[in-house]
2 protein chains.
Amino acid sequence: MMVQECKISPSDSAADGPRVACCDLESELSVELFKALSEPNRAAILGTLATTGGQRTVGEIAECCTVDLSVVSRHLAVLRDAGILEAQKRGREVRYRLLVKPLADYLRRLADSLEACCPPREESDT
Amino acid sequence: MMVQECKISPSDSAADGPRVACCDLESELSVELFKALSEPNRAAILGTLATTGGQRTVGEIAECCTVDLSVVSRHLAVLRDAGILEAQKRGREVRYRLLVKPLADYLRRLADSLEACCPPREESDT
DNA sequence: AAGATGCTTGCATGATGGTGCAAGAGTGCA
DNA sequence: TGCACTCTTGCACCATCATGCAAGCATCTT
C-alpha cells in the first residue's frame, strides 16, 4: 500500500535479447500484480483508463463503478503499488494514468517464459 | 469450483487476424484467471508444473509447498476451473498438466488489446 | 472381501480483503 | 482567514478465502 517502486520489473528481457531461461518463470510471476487485477472493480478501473486513455482524475474514474469514491481511491493505490498505474498530483486533483507499455511488456515476457519452460505441444494443448 | 469449461476464451484474435478492437479489453480481462494466479501457493504450483513439464500427480505437485495435500487439491481445482490446468484421471491417480499454449496466447492477446486501446507513448511510459 | 492408496469434500477456524462512513490533509478561491 | 473542493486514511463491519483435520469416494492389491 505504501511502496512506490514499480513491481513489474523493467523488461530486462529486451536488454538480454529474446532468450528466456526456464528458471526465470517463478521470479517473473508477480503475485501482487495478479492480485491487483483479480478484483472486478479494479478491472473496471483498468478498463476505463485503457479505453478513455490518458490521465484521469479520481472523480472521473470513480464514475465507472458504483462504489464509494474512497473505495476507488484505495483501488487506485493498489494498482499504483502494483506498478500498473502512475499518479500525478496537480493542485487538488490527482491524475492517474495506465502504464500500458510496461504492463503489456510484462504479459508478453511472462508468455515467453512460460513457453521457454514448456515448448507448446500442438497435438495436446488446446 | 465446479465449472469445467475453459475460462480463457479460445484465441479468436488468431482467427480474426491481428486486429484487436479497443472494446475487447474489458471482455478479455479474466478476473477469475488473475484471481487464480494471485495466491502464492497456486503460483508455486504453476511454477512447478511449468518447470517440471508434462503431467504430474497431486502428490508430486504437493511437494512444492508445505501445505496439506487437501489444500493443494483445492488449489489445483481452482487453477483447472480457471482454464489453466487440465486434469486426467488414471486409476487412482489424477494427473494435472499446465495448458501452456492457451495461457501464453491469452497473455499476449491481452497485451495486444491493451496496446490497441492505448498506443504506447515512448516519451512518457517507463 | 478386506485393506491400502490417491484424491476429494465437509466442516470449523483464522486471516485477508472489500466496503461505507466520517474525519483528516492538502489545495485553490474569495 | 474562512470555505469549498479533491483525495486519502482511520475505523468498523461483513464477505470471501486459505487452511488443517477428518471423513468419504474411487481404485488397486492381496
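Keep in mind the model is a prediction, meaning the values are calculated, not measured. Chain A is the first sequence line, chain B the second, and so forth, proteins listed ahead of strands; every chain is numbered from 1.
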(request) Considering only NZ, NE, NH1 and NH2 on the basic side and carboxylate oxygens on the acidic side, decide whether Arg56(B) and Glu63(B) come within less than 4.0 Å. (result) no

(message) Check this one for me: any side-chain N or O of Arg92(B) less than 4.0 Å away from OP1 or OP2 of dA4(C)?
(response) no

(message) Heavy atoms from C-beta onward define the side chain here; which of dT19(C), dC7(C), dT8(D) lies closest to that of Val94(A)?
(response) dT8(D)

(message) Side-chain N or O of Tyr96(B) versus OP1/OP2 of dG6(C): is the shortest distance under 4.0 Å?
(response) no

(request) Report the distance from atom CD of Glu93(B) to atom C1' of dT29(D), rounded to the nearest whole Å. (result) 14 Å

(message) Any non-hydrogen side-chain atom of Leu114(A) less than 4.5 Å from a side-chain atom of Leu107(B)?
(response) yes

(message) Looking at His75(B), I'd like to know whether one of its side-chain N or O atoms comes within less than 4.0 Å of OP1 or OP2 on dT19(D).
(response) yes

(request) Please name the residue in the list Arg95(A), Glu93(A), Gln55(A) that meets the side-chain hydrogen bond (donor to acceptor under 3.5 Å, both in side chains) test with Gln88(A). (result) Gln55(A)

(request) Would you kindly give the CG-to-C1' distance between Leu69(A) and dG20(C), to the nearest whole Å? (result) 12 Å

(request) Send over the distance from Gln88(A) CD to dT6(D) P, rounded to a whole Å. (result) 18 Å

(request) Check every atom of dG18(C), dT19(D), dT8(D) against the side chain of Asn41(B) and return the nucleotide holding the closest atom. (result) dT19(D)

(request) Compare the minimum distances between each of dT8(D), dC7(C), dG28(C) and the side chain of Ser73(A), then state the nucleotide with the smallest one. (result) dT8(D)

(request) Could you check how far NZ of Lys35(A) sits from C1' of dG17(C), rounded to whole Å? (result) 9 Å

(message) Any base atoms under 4.0 Å from Arg95(B), or only sugar-phosphate, or nothing? Heavy atoms, all strands.
(response) nothing

(request) Can you tell me the distance, in whole Å, between the CZ atom of Arg80(B) and the C1' atom of dT8(C)? (result) 10 Å

(request) Rounded to the nearest angstrom, tell me the gap between atom CZ in Arg90(B) and atom C1' in dC7(C). (result) 16 Å

(request) Could you state the atom-to-atom distance from CG of Leu79(B) to P of dA18(D) in whole Å? (result) 10 Å

(message) Does Ser70(A) reach a base, just sugar-phosphate, or nothing at all? Heavy atoms under 4.0 Å.
(response) base

(message) Closer than 4.0 angstrom, basic N to acidic O: yes or no for Arg74(A) and Asp68(A)?
(response) no

(message) Checking contacts here: which listed nucleotide (dG20(C), dC7(C), dC17(D)) is nearest the side-chain heavy atoms of Asp68(A)?
(response) dG20(C)

(message) I want to verify a distance call: between dT19(D), dC7(C), dT27(D), whose nearest atom is closest to the Lys89(B) side chain?
(response) dT27(D)

(message) Between Leu37(B) and Arg42(B), is there a side-chain heavy-atom distance shorter than 4.5 Å?
(response) no

(message) Looking at Arg74(A) and dG17(C), is any side-chain donor or acceptor paired with a base atom of the opposite kind under 3.5 Å?
(response) no

(message) How many whole angstroms separate atom CD1 of Ile45(B) from atom P of dA18(D)?
(response) 11 Å

(message) Can you work out whether Ser38(A) or Glu60(B) has the more 5'-proximal nearest nucleotide on DNA chain C?
(response) Glu60(B)

